[in-house]
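The chain is numbered in sequence order, starting from 1. Heavy-atom basis, side chains included; hydrogens, waters and symmetry copies ignored.
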Amino acid sequence: MFVTLPSRSFDEVRSRLMIVRQVEVTVKMWLRYRKLIRIVSTLFELIFLLDNIINVEIWKNHLVSELCKDQTQIQPSNISETHQAFHHKHTTYCPHLAQLLSPEEELEERNLLDLIAWPKPPSGSEALEFSQTSDPFHSHFSIGNGKNWFVGDQLEVNILMRDFKGRPKPYGGDLLLASLRSPKYGAGVAGQVLDHNNGHYSARFPLLWAGPARVKVTMVHSSEAVAVLRRLREQRPDRVHFSSIFGQGSRSEKTVCNMCLPPDQGPLCNFTDLHTGDPWFCYKPKNLSCYTRNSYVLEGSPDNIIDSNEAWLFRSGINLNVPIHADPSNDIIVLPSTNGTVDLQSHDFFEGGGGDSTQNPDHAKLATSGYYYKEVWRSLGGVTKRQFDSASIIQCLTNKSVYMYGDSTMRQWYEYLVTVIPGIQEIDEEGEVNVGPFRAMDLTHKIVLRFRFHGPPIVSRTAVMARKLRYIANELDGLTGGPDTVVALSLWADFAPFPLEMYLHRLRQIRKAVVRLLDRAPGTVIVIRTPNPRAQKRDLVLNFSDWFSLQMDTVLRAMFEGIDVLLVDAWQMCVAHHQPYDLHPPGVIVKNMVDMMLSYICPDLTGNESRQLKMWLNVIDLI
């Protein structure tokens, strides 16, 4: 993925993350081929059951805060035990909810937080004048790499950040996004931005097509603005708040709800999920019980969460999501490869070894998942992406059930498929307008599509019936799975305002459910959509900055690394495209995303895929 990175080794942190799962994944692969899945699955279920029993006993005997004592007295209908909700080391807002992690989870969480460590401005920079902060108009970039560029080469761009007085910045930490595009060919690729921690940055691009191309570099946030965002995430998880309507007969009351609430403002109704531990609380209505909760809705954000000086760091058109100019030009011409035809699908090219590049091979490695050409996403280093029309979609999904869980960016996939599959009919399940649940069926071809929103928080001003809310992990545990089952997940957009530990907890529970599903039904196809950049409007950026999305993107990829899931790289697919960033990408990008998912479900078994399949079949025969 393409992030602003500190100069220290990225591989070192990633390798530590993989140690936790390496043995588990290896054992599962061997057991799968030895046909011991049922035995292992049974053992896992027994262990899981025993673990739950032990945890319940621990919860029963654990000394809880005065808040939890209040919650025990007012248990709502879906809570039989009061237990701690999540682990939250870096925020003092909800220390009473801290849940002890296992040693493995503690190690993983430390490694994940190390993975997203962001360069901090030097001590005392919070007192800087506005003129000393990063200014995209005084900053510039220049294109290096010599006289001529060829397909297969790597292009490197050097970026120098300056402040509003034109002085070079002495430290890093700015959030920069870079892309290389060619409007003539409908082509584009995302660039990898490296932070050298001294005001200098590098942006690197693989050259994947011949012809004219143009570099674009954007400063999304200054390093000083990122420091403010970091403080808000750690210290103000209340900067979006929700409410619920409690009602019985003619009486109704509205109270504040959230993932965590201050313990000193009244008794709480604890709606924390027993199975996943995902927290949700509401203040108890004065004259009604917790059992009478009906609806759930976003209320808004508190005012004045930053001061007037900090507000200067988030000015549209000045230092928020502003392009940086090139010196002297941002245009290049890419020539055909002098080394013959470059195989853009080959592993060698994917790792930076294709073409006639004179770059150091280690220096040239780019985490490039794909690029656009003629508005079509072409994947690299994995399954070849196919293009699907209505007929080929029907052929691919015949006799299959597709379960889509997550946020509104996953709902886009459901809506697209319902639109392009002729003859499919939506079944009325009394779903809410925005959050569902939705279901559609093609009885002729036995295709079933389902969409369900994730459990709270849901950032929607449309009221949602509380009984409609389900947690993804619980839904996955209810699936039978198998070769005719497809699961698509997207979970990020609603979690941006909250401490990252809350997001990690939710992902961890989903990952456990994914592993359980794959254990009992190894043929299940599981596809995960990554986050994407969105419009950075001044009135939303403090809660939904791309910096939050980028960090969630990084930890999501890391948490599912080594698990038998498939990623649709929404981040790169949006950065590489010429359309403006949006929470809900335009139709052309959504089609490419869905086509990528369908390519995973129904791969084109020709070329590399066919050879790899034959290789694995030979390995299985030897076993």
Side-chain angles (χ1 to χ4, degrees), residues 2-4 91 116 118-121 125-126 128 130 133-137 139 161 164 172-179 193 216-242 298-324 407-409 457-461 492-500 502-503 530-555 570-571 574-575 579-585:
F2 297 89
V3 305
T4 308
T91 302
I116 60 169
W118 198 270
K120 293 183 178 181
S125 60
E126 61 275 4
L128 290 177
F130 178 73
T133 64
S134 300
D135 176 16
F137 292 100
S139 305
M161 298 301 297
F164 279 82
D174 303 292
L175 174 55
L176 308 178
L177 295 181
S179 61
V193 179
K216 181 179 180 180
V217 179
T218 300
M219 188 188 87
V220 181
H221 293 302
S222 66
S223 55
E224 295 79 15
V226 170
V228 174
L229 295 173
R230 180 191 288 111
R231 176 182 62 79
L232 291 176
R233 186 178 66 186
E234 294 176 355
Q235 299 179 14
R236 292 298 304 269
D238 62 331
R239 64 189 190 280
V240 292
H241 54 269
F242 308 84
L298 170 72
E299 286 290 340
S301 300
D303 297 325
N304 303 319
I305 60 174
I306 59 174
D307 61 34
S308 57
N309 291 328
E310 292 172 331
W312 280 90
L313 300 173
F314 301 93
R315 302 175 68 192
S316 298
I318 296 178
N319 55 6
L320 173 62
N321 208 38
V322 179
I324 296 173
D407 51 40
S408 57
T409 63
I458 300 175
V459 182
S460 171
R461 291 191 180 276
W492 64 279
D494 299 271
F495 287 81
F498 297 97
L500 195 64
M502 294 181 175
Y503 185 60
T530 71
N532 59 260
R534 56 193 294 174
Q536 295 297 277
K537 299 178 181 179
R538 183 177 178 180
D539 58 338
L540 295 175
V541 72
L542 296 181
N543 295 327
F544 302 102
S545 164
D546 278 347
W547 185 72
F548 301 135
S549 301
L550 187 55
Q551 297 225 306
M552 289 188 289
D553 179 270
T554 303
V555 299
W571 187 272
C574 290
V575 171
Q579 290 277 7
Y581 303 151
D582 193 0
L583 168 62
H584 301 114

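Going from atom CG of Leu540 over to atom CG of Leu583 covers 9.5 Å, rounded to the nearest 0.5 Å. Between Leu232 atom CG and Asp238 atom CG the span is 10.0 Å, to the nearest 0.5 Å. One finds the CG atom of Leu176 at 8.5 Å from the OG1 atom of Thr218 (value rounded to the nearest 0.5 Å). Note that CG of Leu550 is 10.5 Å distant from OG1 of Thr530, once rounded to the nearest 0.5 Å. How far CD1 of Ile458 is from CG of Asp494: 6.5 Å, rounded to the nearest 0.5 Å. Phe130 CZ to Ile318 CD1: the interatomic distance, rounded to the nearest 0.5 Å, is 6.0 Å.
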Worked verdict on Val220 versus Trp547 for side chain to side chain contact (heavy atoms under 4.5 Å, CB included) = CA-CA 8 Å; Val220 181; Trp547 185 72; over 6 Å; no
Carefully, step by step, assess Trp118 and Leu175 under the rule side chain to side chain contact (heavy atoms under 4.5 Å, CB included).
-> CA-CA 10 Å; Trp118 198 270; Leu175 174 55; 3.9 Å; yes
Going through the distances and angles, do Phe548 and Trp492 end up as a side chain to side chain contact (heavy atoms under 4.5 Å, CB included)?
-> CA-CA 9 Å; Phe548 301 135; Trp492 64 279; over 6 Å; no
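Smallest separation of non-hydrogen atoms from Trp571 and Asp546: CH2-O, 3.9 Å. In terms of heavy-atom proximity, Ser179 sits nearest to Val575 at CB-O, 3.5 Å. When all heavy atoms of Asn532 and Ala570 are compared, the pair lying nearest together is CB-O, 3.8 Å. When every heavy atom of Tyr581 is checked against every heavy atom of Cys574, the shortest pair comes out as CE2-O, 3.4 Å. Of all heavy-atom pairs between Gly173 and Val226, the closest is O-CG2, 3.8 Å. For the pair Ile306 and Arg231, the tightest heavy-atom approach, listed with the atom from each and the gap, is CG2-NH2, 4.0 Å.
His221 and Phe314 have perpendicular rings, their planes meeting at more than 60° on a 0 to 90° scale where under 30° would count as parallel.
Here the side chain of Gln235 pairs no donor or acceptor atom with the backbone of Arg233 at under 3.5 angstrom. At distances below 3.5 Å, not a single donor-acceptor pair connects side-chain atoms of Arg230 with backbone N or O atoms of Lys120.
Residues Lys216 and Leu177 are not in side-chain contact: their nearest non-hydrogen atoms beyond the backbone lie 4.5 Å or more apart. Looking only at side-chain heavy atoms (C-beta outward), Phe544 and Val459 come within less than 4.5 Å of each other. Inter-residue side-chain proximity for Met219 and Ser134 is flagged as met; some heavy-atom pair is nearer than 4.5 Å. Between Ser460 and Leu298, the closest side-chain pair of non-hydrogen atoms is not below 4.5 Å. Taking the side chain as every heavy atom from C-beta outward, Ser223 and Met161 never approach each other to under 4.5 Å. Here the side chains of Ile116 and Leu500 are in contact, with some heavy-atom distance below 4.5 Å. The closest side-chain heavy-atom distance from Asn543 to Ser301 is below 4.5 Å. Using a 4.5 Å heavy-atom threshold, the side chains of Tyr503 and Gln551 count as separate.
Looking at Asn319 and Ser222, their side chains never bring a donor and an acceptor atom within 3.5 Å of each other.
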